[in-house]
Amino acid sequence: MVAKKVYNLFPHGSKIARVDLERRVGNKSDFVITDLLSDPARVAIEVIYKNTDLGLQRRLRTLFDEGYAVMLVVVTTSDLHPDRLERYLKRVGPIQVGQFDPSTMATRLGSLVRPGTIDIDAQVWDVLPQYLS
């Protein structure tokens, strides 16, 4: 559903409308697997559901280094509550976390996070919960 919502944001027939699932981004020694990726639009979307050990700071750094902006979407039935994640992330910048509710199929995309949106090297990352760094 998240992929469908993202796909429908792009102009029909446009080159940027290509959305790939689970793509590797980065080099051989430092890469991440991102859930959804529009390479032409340079947007990566992380859908957070089962894996709550996010390593988010490293993920964001890798995606930023590769030229991508990032959206975060949390499945509402995940062990990680979207509001809690958003509250923590607001310490590093103005981030809105998206949500997907599988019971209603309602999808709300979060803000588009770019290197200028947050300070990826801020000291506050050191005091955030371990699963974020």
side-chain hydrogen bond (donor to acceptor under 3.5 Å, both in side chains) partners of [X], counting only residues at least two apart:
X: Arg24; result: none
X: Asp30; result: Arg58
X: Ser103; result: Asp101

Any side-chain heavy-atom pair of [X] and [Y] under 4.5 Å:
X: Ile118; Y: Phe64; answer: yes
X: Ile45; Y: Val47; answer: yes
X: Leu56; Y: Leu128; answer: no
X: Phe100; Y: Arg108; answer: no
X: Thr117; Y: Ser111; answer: no

Among all residues two or more places apart in sequence or in another chain, which pass the side-chain contact (heavy atoms from CB on, under 4.5 Å) test with [X]?
X: Arg59; answer: Val32, Glu46
X: Leu112; answer: Val43, Ala69, Met71, Arg114
X: Ala122; answer: Asp119, Val124, Trp125

Which atom of Asp83 lies closest to which atom of Gln99, heavy atoms considered =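 Reported closest heavy-atom pair: OD1-NE2, 3.6 Å.
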
Nearest-0.5 Å distance that lies between atom [atom1] in [X] and atom [atom2] in [Y]:
X: Leu109; Y: Gln96; atom1: CG; atom2: CD; answer: 11.0 Å
X: Leu72; Y: Asp35; atom1: CG; atom2: CG; answer: 10.0 Å
X: Leu63; Y: Thr34; atom1: CG; atom2: OG1; answer: 5.5 Å

Indicate every side-chain donor-acceptor pair of residues 84-95 with a distance under 3.5 Å to a residue at least two apart or in another chain.
residue : atom : partner : partner atom : Å
Arg84   : NH2  : Asp79   : O            : 3.2
Glu86   : OE1  : Val97   : N            : 2.7
Lys90   : NZ   : Ile95   : O            : 3.1

